[in-house]
Undergrad: 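Have a look at this one.
Every heavy atom of this structure was used, including side-chain atoms; hydrogens, water molecules and symmetry mates were not.
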Amino acid sequence: MFTQLKQSFSLVLCLVLIAGCSSVSMEGKKFLKEQRYDDAISLYSQHLQSNPGDIAIREQLGYAYLKKGEYVKAIEELQHLNDLDYESPLGILYLGLAYLKNNQLEQCIEVW
């Protein structure tokens with residue numbers, strides 16, 4: 001009985017983890033890894049049109065803009081995280097880097 005319960009729990013846990021993985025996130029991360037920033041930006045932007053509150057995707061979009069060198073757009077996207085009261089260490093790091101790259105040192109220090 002305990003073994004069956006344990007197996008059932010493991011199966012449910014795996015299904016929850018798999019379901020939690022966004023295909024948009026996975027595909028976008030693949031684009032980022034391949035340095036296909038325009039593809040990642042397009043994918044994330046399309047997703048956010050119907051899911052504007054998806055903070056994980058917004059964070060990844062900000063990162064894609066940062067890697068592409070579009071610092072103003074990165075700042076705009078990453079500031080949305082603050083508007084949504086989402087404090088992510090990566091989001092804070094990316095936002096600070098975007099400010100730094102955009103020669104906005106005071107804002108960079110304030111964020112960090």
Undergrad: For the residue pair S45 and Y65, what are the closest heavy atoms and their distance?
TA: OG-OH, 4.2 Å

Undergrad: Do P52 and R58 have side chains that get closer than 4.5 Å, going by heavy atoms?
TA: yes

Undergrad: Heavy-atom distance under 4.5 Å between the side chains of I41 and K73, does that happen here?
TA: no

Undergrad: Does D38 have any side-chain contact (heavy atoms from CB on, under 4.5 Å) partners at least two apart in sequence or in another chain, and if so, which?
TA: K68

Undergrad: Looking at every non-hydrogen atom in both residues, tell me the closest pair between A74 and G62 and how far apart they are.
TA: CB-O, 3.5 Å

Undergrad: Determine whether more than 12 heavy atoms belonging to other residues, nucleotides or ligands lie under 6.0 Å from atom CD of E110.
TA: no

Undergrad: Are Q107 and N102 side-chain neighbours, meaning at least one heavy-atom pair lies under 4.5 Å?
TA: no

Undergrad: Test I75 against Q104 for side chain to side chain contact (heavy atoms under 4.5 Å, CB included), laying out the working first.
TA: CA-CA 11 Å; I75 291 166; Q104 293 177 267; 3.3 Å; yes

Undergrad: Out of curiosity, R36 CZ to E27 CD, how far, rounded to the nearest 0.5 Å?
TA: 7.5 Å

Undergrad: Looking only at non-hydrogen atoms, find the nearest pair between A40 and A64 and report the distance.
TA: CB-CB, 4.4 Å

Undergrad: Taking a hydrophobic cluster as the set of Ile, Leu, Val, Met, Phe, Trp and Tyr residues connected by side-chain heavy atoms closer than 4.5 Å, whether directly or through intermediates, do W112 and Y94 fall within one such cluster?
TA: yes

Undergrad: Under 4.5 Å between side-chain heavy atoms, counting indirect links through other Ile/Leu/Val/Met/Phe/Trp/Tyr residues: same cluster for L90 and I57 or not?
TA: yes

Undergrad: Using the rule given for side chain to side chain contact (heavy atoms under 4.5 Å, CB included), can you reason through Y99 versus L105, listing the C-alpha separation, both sets of side-chain angles and the distance that settles it, and then say yes or no?
TA: CA-CA 7 Å; Y99 280 130; L105 301 180; over 6 Å; no

Undergrad: Are V72 and L78 co-members of a hydrophobic cluster defined by side-chain heavy atoms under 4.5 Å apart?
TA: no

Undergrad: Please check: side-chain N/O of N51 versus main-chain N/O of H47, any donor-acceptor pairing under 3.5 Å?
TA: yes

Undergrad: Distance from H80 atom NE2 to E59 atom CD, nearest 0.5 Å?
TA: 14.0 Å

Undergrad: In a check of side chain to side chain contact (heavy atoms under 4.5 Å, CB included) between L95 and each of L81, L66, V111, which one passes?
TA: V111

Undergrad: Return the OH to NZ distance between Y44 and K29, rounded to the nearest 0.5 Å.
TA: 7.0 Å

